Amino acid sequence: MGKFQGVDFYDIDSLLSEEEKLIRDSVREWVEAEVLPIIEEHYQQAKFPLHLVPQMGEMGLLGSNLPEEYGCAEINNVAYGLIMQELERGDSGLRSFASVQGALVMYPIFTWGSEEQKRYWLPRLASGEKIGCFGLTEPDYGSNPGGMKTTAVDDGDAYILNGAKMWITNGSIADVAVVWAKLDGVVRGFLVEKGTPGFSAPEIKNKHSLRASVTSELVFQDCQIPKENILPGTSGLKNALSCLTQARYGIAWGALGAAMACYDEALNYSQTRIQFDRPIASFQLIQDKLVYMLNEITKGQLLVLQLGRLKDQGKMHFAQVSLAKRNNVYHALEIARLARDILAANGISSEYQSMRHMCNLESVKTYEGTHDIHTLIVGEKITGISAFV
Ligand code: TGC
Ligand code: FAD
């Protein structure tokens with residue numbers, strides 16, 4: 001198979017700056033050299049490729065849209081999105097790692113942390129020396145995190161946390177967890193460090209999806225954390241939801257990377273696979289599938305590019321992010337399914353990547369707000385009526 005050239009039917013490259021293209025291309029090359037040769041084995045063995053984290057840190061891929069002052073790359077949001085796209089061309093698990101570290105851990109520390117918390121954690125998280133996770137979802141509160149049962153109690157010298165979080169990416173490998181808990185009935189963010197007595201993070205095993213990513217439970221049993229570990233600027237669920245906006249933005253870009261990998265694989269395969277004495281690419285039904293893939297990738301690219309420009313101008317609304325996450329992940333999953341279909345029996349083999357992407361995208365469709373929750377977020381924005389209950 002030839003070298004991956006990207007997908008750019010509408011010359012969208014002409015809308016990108018030289019710096020944006022350079023960043024995209026350097027991550028693309030790194031994924032080609034370091035990720036693609038090892039990812040399938042990691043996926044099969046259900047192992048996250050931890051050795052890649054320092055390299056990601058060195059390349060400035062972690063929290064890359066945050067300020068240089070705290071050890072971050074301070075690039076714009078389009079370049080940030082292009083990084084997510086390229087990482088997810090490798091594997092959704094790798095992009096998940098970067099989303100959690102940057103959008104769900106570094107962003108809240110940067111936005112609501114004390115100066116001391118920022119100076120300590122951000123450079124270490126940016127370099128990959130430390131790993132973070134984000135605990136919002138609970139066993140009984142997924143789409144409706146506002147109902148959370150985890151509590152923090154002020155006992156004078158410390159906060160005491162009790163409760164459990166579920167489905168937490170990076171949980172078992174994290175040095176620090178950003179945990180959302182109710183203090184006097186108000187949702188606040190807390191930093192819980194690995195090894196704190198009363199805190200454990202058992203890994204969730206036997207997943208069919210995101211196998212090259214660590215997913216865990218977080219358990220707090222009279223877990224005592226120092227007073228200075230509260231994120232002082234947090235004052236309600238809205239803070240946690242604002243983190244989700246940052247991560248969903250990256251996912252909308254990332255899903256395109258997975259879709260591009262599948263399209264590229266299906267296109268190449270269809271041009272070389274012979275049936276009825278012809279390449280299968282010559283059949284109208286195969287072309288119909290390939291055109292659908294290209295069509296949706298192209299629309300998705302234009303959607304996130306404008307979303308990124310709006311974000312850089314400070315004009316992006318969270319419902320616009322919901323529309324992009326919803327659309328791009330939905331179509332990426334359809335594209336992965338069609339690619340697997342075109343590859344037929346070979347499509348289920350680990351020699352090819354489309355089915356791995358397909359299984360991953362099932363999680364991506366669910367996490368960070370399910371497809372249907374995003375429908376309702378956009379529905380509320382355009383009608384003014386909430387249909388959640
Ligand atoms: P609601 O009353 O609608 O909102 C409360 C306040 O928050 C505001 N708001 C947001 N602000 C910023 N960004 C957002 N995305 C926001 N969504 C809402 C809202 O305007 C309101 O502000 P104000 O000033 O009026 O008070 O809150 P609700 O409790 O009714 O919940 C609404 C709902 C369902 C949309 C929300 O809870 C939701 O998004 N549910 C989905 C849960 C979810 O996405 N969980 C993700 C967990 S993290 C994860 O999955 C990581 S995967 C990581 C990886 O591996 O990549
Ligand atoms: P539920 O909320 O129980 O939903 C079940 C079904 O009901 C869905 O189809 C949903 O769309 C539908 N539904 C729910 N409410 C409504 C409604 N009002 N109207 C119509 N339909 C509705 N969470 C974190 O906090 N941190 C993480 O790092 C993290 N990583 C994750 C990694 C993976 C691999 C996965 C799979 C999940 C992760 N999550 C994480 C959790 C994720 O955010 C939740 O799974 C997601 O928000 C959905 O919650 P739920 O699974 O409890 O589904």
Side-chain angles (χ1 to χ4, degrees), residues 46 48 84 87-88 91-105 107-108 111 131-148 150 164-174 177-181 186-187 189 201 203-205 207-218 235-255 311 316-326 329 359-381 384-389:
F48 174 71
M84 297 298 142
L87 291 178
E88 198 148 355
D91 192 83
S92 300
L94 203 61
R95 197 271 308 134
S96 281
F97 178 89
S99 287
V100 170
Q101 184 91 344
L104 297 181
V105 177
Y107 173 82
T111 310
I131 292 174
C133 70
F134 176 89
L136 178 65
T137 305
E138 299 189 355
D140 294 328
Y141 297 91
S143 298
N144 178 26
M148 70 175 67
T150 301
K165 300 289 175 180
M166 193 65 183
W167 300 111
I168 308 305
T169 301
N170 295 351
S172 313
I173 55 168
V178 171
V179 177
W180 300 91
V186 178
V187 175
E203 187 169 352
I204 299 170
K205 302 278 193 190
K207 292 176 295 177
H208 283 297
S209 174
L210 279 176
R211 289 178 59 77
S213 168
V214 172
T215 316
S216 315
E217 197 180 345
L218 307 183
S235 58
L237 182 67
K238 191 172 178 169
N239 302 125
L241 298 179
S242 302
C243 301
L244 304 185
T245 298
Q246 306 303 313
R248 291 165 179 172
Y249 169 79
I251 292 171
W253 280 90
K311 191 171 191 316
M316 183 183 83
H317 188 276
F318 66 78
Q320 291 169 323
V321 181
S322 284
L323 190 133
K325 191 270 183 184
R326 177 184 183 278
V329 175
C359 292
N360 284 338
L361 287 163
E362 290 288 350
S363 282
V364 181
K365 187 170 176 237
T366 284
Y367 70 34
E368 281 294 349
T370 66
H371 181 82
D372 290 343
I373 288 296
H374 289 296
T375 303
L376 300 182
I377 292 172
V378 179
E380 180 175 5
K381 175 71 182 158
I385 305 167
S386 166
F388 288 106
V389 285

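Nothing here was measured: the structure is a model prediction, and the numbers come from that model. Counting begins at 1 with the first residue of the sequence. For ligands, and for the atoms within them, numbers begin at 1 and follow the listed sequence.
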- Task: Kindly write out the residues that satisfy side chain to side chain contact (heavy atoms under 4.5 Å, CB included) with Ala319, not counting sequence neighbours, or none if the list is empty.
- Result: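 Side chain to side chain contact (heavy atoms under 4.5 Å, CB included) check on Ala319 returns His317, Ile377, Lys381.
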Candidate with minimal heavy-atom separation from [atom], of [options]:
atom	options	answer
atom 48 (S) of ligand 1	Asn170, Leu136, Ile251, Leu244	Leu244
atom 39 (O) of ligand 1	Arg248, His374, Met84, Glu368	Arg248
atom 11 (N) of ligand 1	Trp167, Tyr367, Phe318	Phe318

Under-4.0 Å heavy-atom contact between protein and [atom]:
atom	result
atom 55 (O) of ligand 1	yes
atom 25 (O) of ligand 1	no
atom 41 (C) of ligand 1	yes
atom 18 (C) of ligand 1	yes
atom 2 (O) of ligand 1	no
atom 31 (O) of ligand 1	no

Contact atoms of ligand 1, heavy-atom distance to [X] under 4.0 Å:
X	answer
Ser242	12 (C), 13 (N)
Phe388	34 (C), 35 (C)
Val100	53 (C), 54 (C), 55 (O)
Leu237	29 (O)
Ile377	35 (C)

Got the residues with a heavy atom under 4.0 Å of ligand 2, by chain and number?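 Protein residues near ligand 2 are Phe134, Leu136, Thr137, Gly142, Ser143, Trp167, Ile168, Thr169, Leu210, Ser363, Thr366, Tyr367, Glu368, Thr370, Asp372, Ile373, Leu376, Phe388.
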_Between Tyr367 and Ser96, do the side chains contain a donor N or O and an acceptor N or O under 3.5 Å apart?_
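Yes - a donor-acceptor pair under 3.5 Å links their side chains.
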Without swapping roles, check the side chain of [X] against the backbone of [Y] for a donor-acceptor pair under 3.5 Å.
X	Y	value
Ser209	Cys359	yes
Ser92	Glu88	no
His374	Glu368	yes
Glu203	Val214	no
Asn170	Gly132	yes
Lys325	Gly369	yes
Lys165	Trp180	yes
Thr215	Trp167	no
Lys207	Ser213	yes

Interatomic spacing from [atom1] in [X] to [atom2] in [Y] - rounded to 0.5 Å:
X	Y	atom1	atom2	answer
Gln246	Met316	CD	CE	6.0 Å
Leu218	Leu136	CG	CG	11.0 Å
Leu361	Thr366	CG	OG1	11.0 Å
Ser322	His371	OG	NE2	11.5 Å
Leu94	Asn360	CG	CG	11.0 Å

Is [X] in polar range of ligand 1, meaning some N or O pair under 3.5 Å apart?
X	answer
Arg95	yes
Ser96	yes
Thr137	no
Lys238	yes
Gly369	yes

- request: Taking all non-hydrogen atoms of both residues into account, name the closest pair between Val186 and Gly236 and its distance.
  value: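 Shortest heavy-atom separation between Val186 and Gly236 comes out as CG1-N, 4.0 Å.
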Which residue and heavy atom of the protein sit nearest [atom], plus the separation:
atom	result
atom 36 (C) of ligand 1	Leu241 CD2, 3.8 Å
atom 37 (O) of ligand 1	Pro145 CD, 3.3 Å
atom 13 (N) of ligand 1	Thr245 OG1, 2.7 Å

Among Ile131, Leu87, Asp91, which residue satisfies the side chain to side chain contact (heavy atoms under 4.5 Å, CB included) criterion with Phe97?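 So, applying the side chain to side chain contact (heavy atoms under 4.5 Å, CB included) to Phe97 and each of Ile131, Leu87, Asp91, only Ile131 qualifies.
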Can [X] be said to touch ligand 1, with heavy atoms closer than 4.0 Å?
X	value
Ala247	no
Leu104	yes
Gly142	yes

Within the 4.5 Å heavy-atom criterion, are Arg95 and Ile251 side-chain neighbours or not?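 Yes; the side chains approach each other to less than 4.5 Å.
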| task | Heavy-atom distances under 4.0 Å are what count here, so tell me which part of Thr370 touches ligand 1: side chain, backbone, both or neither. | result |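 Near ligand 1, Thr370 shows nothing, with every heavy atom at 4.0 Å or more.
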